[in-house]
Every structure is written in structure tokens, then in C-alpha cells.
Amino acid sequence: MDEQTTQDLSVQSDEALLNDQMAVRRAKLERLIQEGRNPYELGIVPTHTARQVVEAFDRWNGEQVALAGRLRAMRIHGGATFADLHDSSGRIQLFVRLDAVGQQAYEAFKDLDLGDIIGVRGVVFRTKRGEVSVEVQEFDLQAKALRPLPEKWHGLKDIEQRYRRRYLDLTVNPDSRRVFLLRSQVVAAIRRLLNERGFIEVETPMLHPIPGGANARPFETYHNALDMPLYMRIAPELYLKRLLVGGFDKVFEIGKNFRNEGISTKHNPEYTSLEAYQAFADYEDMMVLTETLISEVAREVLGTTVIQYQGREIDLTPPWERISMLEAIEKYTGIDFEAAAGREIEVAKAAGVRLPDNATPGQAILETFEQKVEEHLIQPVFVTDHPVDVSPLAKRRKDNPRFTERFEPYINGWEIANGFSELNDPIDQRLRFEEQVRKREAGDDEAHFMDEDFLEALEYGMPPAGGLGIGIDRLVMLLTDSPSIRDVILFPHMRPKGHA
RNA sequence: GAGCCCGUAGCUCAGUCGGUAGAGCACCGGACUUUUAAUCCGGGUGUCCUGGGUUCGAAUCCCAGCGGGCUCACCA
């Protein structure tokens with residue numbers, strides 16, 4: 001094992017000579033190995049975190065503690081050296097004195113490189129300048145860093161490098177750490193809030209024989225043993241509704257969806273959604289759940305329901321405004337689609353709305369909304385009552401079957417969620433699928449497929465239910481003031497490229 | 001997919017009209033026993049994204065490509 005390691009290193013060291021700093025680190029590594037030391041071994045195990053010691057100094061003052069983390073700065077003053085140790089909780093200063101540790105250990109400490117991962121044992125004290133520190137009694141090297149870290153002051157700014165080498169971004173950019181910690185807290189809070197309300201969390205397939213539950217182009221793959229094509233899921237919806245059929249009345253799933261579509265500051269090919277379904281409820285109930293969830297999450301992770309996004313104040317405090325899609329269109333464009341019933345397509349085109357060739361009346365309304373209205377919806381608002389032909393899984397309105405009991409909350413001009421009273425009439429659902437199949441045959445490759453297996457489930461009886469989907473990434477963008485979805489995804493997709 | 005912008009040292013960035021490649025941090029050598037962006041003295045460590053072209057001469061101008069960002073388009 002050790003021989004193997006040594007061998008590999010010597011092979012690599014030739015190419016590493018490209019960079020003086022890497023050469024120095026390789027040389028130190030090889031010297032340690034020759035001295036019989038393993039520079040990648042677990043040694044001193046931390047008993048405390050930096051934050052614990054700093055925040056409860058009075059409790060630990062004079063006590064011996066063990067800490068472990070990454071060496072991030074060194075200030076050498078002859079026989080005394082200060083260093084900054086960063087662990088997952090924060091930063092703490094180390095103090096090493098020649099007189100205290102002896103010549104050999106002192107030289108070894110100075111020989112460490114910034115970025116090395118070390119363990120230390122020492123006594124907590126406060127320096128003359130008032131900084132809580134640990135006077136090191138012993139230390140060990142637990143991972144030699146062979147590459148230099150980005151600069152401590154400016155951090156890693158290059159956006160491409162921050163995405164490609166997120167570990168460096170997380171190491172040196174505190175704001176990036178903050179975003180992903182907050183993302184974790186958002187997901188945890190959603191889970192807890194739903195659990196408190198009696199929802200159970202489930203996991204449904206990512207690999208679908210028939211991609212369904214959304215209008216989107218799927219990624220295709222292939223299962224060798226079954227000898228059949230499979231699709232990465234574009235939404236978990238149809239499986240979660242099968243669980244309603246099965247008698248789970250409140251279910252939710254948090255997980256990835258995959259859509260084989262464009263990439264932008266608001267779109268990543270794989271993204272995380274929450275979908276929740278509640279039996280014996282309708283879209284009104286789900287709107288309340290939506291505004292409650294999002295505002296409670298904000299309160300929990302940010303301590304407020306009034307947030308700042310890119311310099312704009314957004315008030316997430318419920319209740320949110322509700323407006324039907326037709327009302328919203330009339331409010332912002334003056335177009336009255338109620339009065340224009342039967343002439344939707346020509347009216348939309350006259351207003352300068354771009355439409356696909358085979359657009360349906362509902363598409364004309366939806367496109368008008370998306371192209372003319374969306375951008376105005378900054379403060380949270382539920383847009384409701386979407387046309388039935390663009391809502392193939394939603395229940396029709398009792399008072400007007402051309403529209404559905406559906407809602408989409410908009411915040412900052414973004415569609416942040418989507419929900420409706422779930423269509424549980426298998427006869428109507430079949431008609432909707434047949435309409436989608438016609439669209440697909442007419443060239444719409446985002447139209448739904450016929451899903452006989454799902455229809456069969458509905459035929460056994462699905463309770464009336466409300467459903468809700470929230471885009472977690474966009475929600476996290478809002479809550480963390482992040483301008484790009486890639487800022488809230490740890491490893492966003494990039495074209496492959498050799499290391500810079 | 002289209003338009004605009006960007007790519008120089010490990011990192012952050014300068015680089016004028018086309019004339020020997022620069023700074024800060026980091027790094028290397030030296031001094032320094034309470035500093036904290038430590039300080040002081042000395043040292044520039046480079047595939048100027050890649051490949052062509054123009055030119056006596058290209059980081060710089062032109063063409064193509066690669067990668068990235070933003071805005072559109074598609075979408076959540």
C-alpha cells in the first residue's frame with residue numbers, strides 16, 4: 001500500500017513540476033514518506049469545533065481541546081507562529097511557540113503548507129490582542145495539500161472555476177457555504193412542516209417506462225436486462241397519484257426531475273422539486289399550503305418573511321393575492337379573452353404574441369400570459385384557472401369546463417410552483433390524454449404520452465385531491481438572493497473541459 | 001439554437017498606438033517569540049485558451065475552434 005502510494009507519486013511528480021508551488025508540496029510529501037510518516041492518516045480526532053471554543057471561551061479557557069481542519073493562514077514571527085485553522089464550524093487562531101513544543105515540532109509546523117488538513121491538541125487562551133486562540137501542544141498532518149488554494153482575500157471569483165471546482169468555492173468563499181447550508185435548511189424545514197401536517201414522504205421511480213406528469217422532453221436511457229427503453233422522470237406526479245389510489249392520503253416527494261431542455265439562469269437539466277398530494281382537498285387548500293410552506297420556511301431559515309432579492313424587496317407574508325389568468329391578462333394587457341372566446345388565437349397574434357403553428361385556444365391564452373404578464377408579477381400572487389387544454393391533469397372548473405381549478409404562484413416574475421385539484425375522473429383523463437397524443441402526433445414533442453397503466457389506476461377510484469409542486473432551486477435562489485440557479489446547485493452541468 | 005461580452009502567473013487583476021510579460025496575494029531564500037490581509041530585505045515562478053493568418057515583429061489585429069458569462073428563444 002505504501003509502496004504503491006510512493007510509486008504513483010513519483011510518476012505524477014514529473015508533470016507536477018509545471019508549477020513551483022506544487023513541486024514544493026510534492027517534495028515535502030515525499031520527504032515525509034521517506035521519514036516513515038503517512039501524510040494521509042487519521043490522527044488527532046477533534047473534541048471541539050472552532051465555533052464552540054470561540055463562542056464559549058469562558059467555558060473552555062485553560063482547557064485542553066482537540067481541533068481539526070484546514071490550515072488557511074500562517075504568520076511566522078521567529079520563535080512564535082500564529083495560524084488560522086478553518087473547520088466546518090468556522091475559524092480559530094492557533095498559536096505555536098518554539099519554547100513550548102521544541103525545535104523539531106516547531107520546524108515541522110512551519111513546514112506545513114496552507115491548505116493542509118491537520119489535527120491539533122492544545123490549551124485555549126486569549127491573546128494580548130484579545131483573540132481566542134489555542135496554544136498548540138501537539139499537531140499532526142492528516143491530509144497533505146498538493147495544490148495551493150485560491151487567494152484568501154479575493155477568494156475564487158472565476159464563475160466557471162467556482163462551478164467546476166465547487167470544493168474550492170466552498171473552501172474559500174463563505175457566501176457559497178452560506179447558500180448551501182441554507183439550501184439544506186430549506187429542505188429540512190419543508191420536510192418537517194409537511195411531516196407535522198401528517199404527510200408521509202415517499203420515493204417513486206426516477207426511471208419511467210412512460211415519461212409523464214409534465215410537458216417536457218425527457219432524457220432517454222436503456223435497461224439492458226429488461227431490454228427496454230426507459231426515460232428519466234420529468235415529474236413524479238403520476239406515481240404519487242397512484243399512491244392516493246392506494247390509500248395514502250397525504251404524500252410528498254422531494255427529488256430530482258430531469259428535462260432535456262435548455263440551460264439558463266433559471267433552468268438546469270436536473271432540478272429538485274417538492275410534490276405533495278392531499279386527498280379530500282382541492283386547489284384552494286393547496287394554495288393555503290403553498291403560501292404557508294414558503295413563508296414558514298423563510299421565517300425559519302431567514303427569520304423574516306420579507307426578503308431582498310437583487311435589491312428588490314419581496315413580501316412573502318400570507319395570504320398572497322389571487323387572480324385568475326384571464327383577469328391577470330386583462331389587468332396587464334387590456335385583452336379580454338372572456339369576450340374573445342372562440343377568437344383566442346387571432347386576438348393573441350394581434351397583440352404580438354408568438355404562437356406555434358398548431359396552437360390551441362388555451363395555448364394562445366397561456367402564451368399571452370407568459371409573454372405579456374409574467375414579468376410584472378413580482379410580489380407573490382396566485383394565478384389561477386388555467387385553460388383546460390394546457391392543464392391535462394387538472395380538474396375542470398364546475399362553473400366553466402374550459403378552465404381548470406389550477407394555480408401557479410408567481411414571485412419575482414418566476415413560476416415558483418404549480419398545483420391543482422387533481423383530475424380523478426378516468427373518463428375525462430382518457431380524453432385529455434387522447435388530446436395530448438393528437439398534439440404529439442402533430443409534432444409537439446413535449447405533449448403527454450397515453451398512460452394506460454395510470455388510467456387503470458384511476459379506474460379503481462382516486463379520491464378527490466389537491467396537488468402541489470414547488471421548484472426548490474428557484475425557492476432557494478429567492479431566499480439566498482442568488483442570481484443564477486447554478487449558484488444554488490452544488491455541481492451544475494458544464495461542458496467537459498480539461499483542468500485549467 | 002441566435003446575439004453581445006470574456007479567457008494573461010496557483011488566485012485576483014493590469015497590460016496604452018503592434019515593439020523584451022506586469023502588480024498584489026500565494027510561493028522560494030533571509031530577519032523576526034503576541035500576530036491577525038503581520039512586517040522588513042531579496043527573488044517573477046507564464047502553453048498570454050487552442051490552431052491558423054497578417055506583419056520585420058502579435059497577449060494586442062484578422063479568421064476558425066474550444067470553454068465560460070449575460071440576454072433572447074425553449075422551459076419549471
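Just so we're on the same page: letters track the sequence lines, and every chain starts at 1.
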Pairwise P distance for B:rG7 and B:rG44, with rounding to whole Å:
27 Å
Taking the side chain as every heavy atom from C-beta outward, state whether A:K110 and A:I76 have any atom pair closer than 4.5 Å.
yes
Separation of atom CG in A:N260 from atom P in B:rG1, rounded to whole Å:
13 Å
May I ask you to check whether A:H376 and A:Y332 place their ring centres under 6.0 Å from each other?
yes
Is B:rG1 paired to anything, Watson-Crick or G-U wobble with both distances less than 3.5 Å, and if yes, which nucleotide?
B:rC72
Can you tell me the distance, in whole Å, between the CD1 atom of A:I489 and the P atom of B:rA76?
16 Å
Nearest-Å distance once atom C1' is located in both B:rG18 and B:rA58
6 Å
Strictly below 4.0 Å: does A:R217 bring a side-chain N or O up to OP1 or OP2 of B:rC74?
no
Minimum-distance nucleotide to A:M494 side chain [options: B:rU34, B:rG68, B:rU33]
B:rG68
To the nearest angstrom, how far is A:E367 atom CD from B:rA76 atom P?
10 Å
Indicate yes or no: does A:D169 engage A:R177 in a salt bridge with an N to O separation below 4.0 Å.
no
Identify the nucleotide, in any strand shown, that forms a Watson-Crick or G-U wobble pair with B:rA9, with both distances under 3.5 Å; if there is none, say none.
none
Below 4.0 angstrom, which residues in residues 471-487 of chain A have at least one non-hydrogen atom near RNA chain B?
A:R474, A:S484, A:R486
Answer yes or no on whether A:R440 is positioned over the face of A:F449, meaning its NZ or CZ is under 6.0 Å from the six-membered ring centre and within 45° of the axis.
yes
Test of ring centre spacing under 6.0 Å for A:F125 and A:F95:
yes
NA contact type, A:E446, heavy-atom cut-off 4.0 Å: base, sugar-phosphate, or nothing?
sugar-phosphate
Counting Watson-Crick and G-U wobble pairs only, both distances under 3.5 Å, name the nucleotide matched with B:rU45, or none.
B:rA26
Taking the side chain as every heavy atom from C-beta outward, state whether A:R233 and A:Y239 have any pair of such atoms under 4.5 Å apart.
no
Rounding to an integer number of angstrom, what distance separates B:rA21 and B:rC49 when you compare their P atoms?
14 Å
When the distance from CD1 of A:I234 to P of B:rC74 is rounded to whole Å, what number comes out?
18 Å
Need one value for A:T81: base, sugar-phosphate or nothing, where a base atom within 4.0 Å counts as base even if backbone is also close, heavy atoms only.
nothing
I need the CG-P distance between A:L156 and B:rG69, as an integer number of Å.
14 Å
May I have the distance from A:L98 (atom CG) to B:rA31 (atom C1'), rounded to whole angstrom?
15 Å
Rounding to the closest angstrom, what is the interatomic distance between B:rC6 and B:rU45 at atom C1'?
26 Å
Any protein N or O atoms within reach of nucleotides 36-40 of chain B? Criterion: under 3.5 Å, listing atom names and distances.
residue, atom, partner, partner atom, Å
B:rU36, OP2, A:R129, NH1, 3.2
B:rU36, O4', A:R75, NE, 3.1
B:rU36, O2, A:R91, NH2, 3.4
B:rU36, O2, A:Q93, OE1, 3.4
B:rU36, O2, A:E131, OE1, 2.4
B:rU36, N3, A:E131, OE1, 2.5
B:rA37, O3', A:K152, NZ, 3.4
B:rA37, N1, A:W153, NE1, 3.1
B:rA38, OP1, A:K152, NZ, 2.5
B:rA38, OP2, A:R75, NH1, 3.2
B:rA38, N6, A:I76, O, 2.6
B:rA38, N1, A:H77, ND1, 3.2

So A:M287 and A:R322, do their side chains get closer than 4.5 Å, heavy atoms only?
yes
Atom pairs under 3.5 Å, N or O on each side, protein against nucleotides 2-9 of chain B: can you list them with distances?
none

Proximity of A:F369 and A:H386 rings by center, below 6.0 Å
no
Integer-rounded Å distance: B:rA26 C1' and A:L71 CG
13 Å
Output the rounded distance in Å from CZ (A:R164) to C1' (B:rG68).
8 Å
Centroid separation under 6.0 Å, is that true for the rings of A:W414 and A:Y309?
yes
Partner of A:I365 under side-chain contact (heavy atoms from CB on, under 4.5 Å), chosen from A:V390, A:I329, A:V353
A:I329
Name the closest nucleotide to the A:R259 side chain, picking from B:rU34, B:rA76, B:rC27.
B:rA76
Closer than 4.0 Å, any side-chain N/O of A:T265 to the OP1 or OP2 of B:rU71?
yes
Base, sugar-phosphate, or nothing: which does A:G469 touch, judged by heavy atoms less than 4.0 Å apart?
nothing
If you round to the nearest 0.5 Å, how far is CG of A:L98 from CD of A:E107?
7.5 Å
What does A:N268 touch in the nucleic acid at a heavy-atom separation under 4.0 angstrom: a base, only the sugar-phosphate, or nothing?
base
Base, sugar-phosphate, or nothing for A:F95, non-hydrogen atoms under 4.0 angstrom?
base
Hey, are A:R259 and A:Y271 close enough side-chain-wise for a donor-acceptor pair under 3.5 Å?
yes
With heavy-atom distances below 4.5 Å as the criterion, would you say the side chains of A:D385 and A:T404 are in contact?
no
Interatomic distance at C1', B:rG24 relative to B:rG15, whole Å
15 Å
Can you check the distance between B:rG67 and B:rU50, where both ends of the measurement are the P atom (answer in whole Å)?
15 Å
Please check if the distance between the ring centroids of A:Y283 and A:F420 is under 6.0 Å.
no
Distance, C1' atom - from B:rG65 to B:rA26, rounded to whole angstrom:
34 Å
What nucleic acid atoms does A:E415 come within less than 4.0 Å of, heavy atoms only: base, sugar-phosphate, or nothing?
sugar-phosphate
Please report the distance separating the P of B:rA14 from the corresponding atom of B:rC27, rounded so that it comes out in whole Å.
24 Å
Which of the following nucleotides, B:rA76, B:rA73, B:rU35, is nearest to the side chain of A:N215?
B:rA76
Between A:Q371 and A:S133, which residue's closest nucleotide on RNA chain B lies nearer the 5′ terminus?
A:S133
Within the 4.5 Å heavy-atom criterion, are A:R121 and A:F139 side-chain neighbours or not?
no
Quick check for you: among B:rC27, B:rU12, B:rA73, whose closest atom lies nearest to any side-chain atom of A:Q21?
B:rC27
Have a look at A:R495 and say if it touches a base, only the backbone sugar-phosphate, or nothing, with a 4.0 Å heavy-atom cut-off.
sugar-phosphate
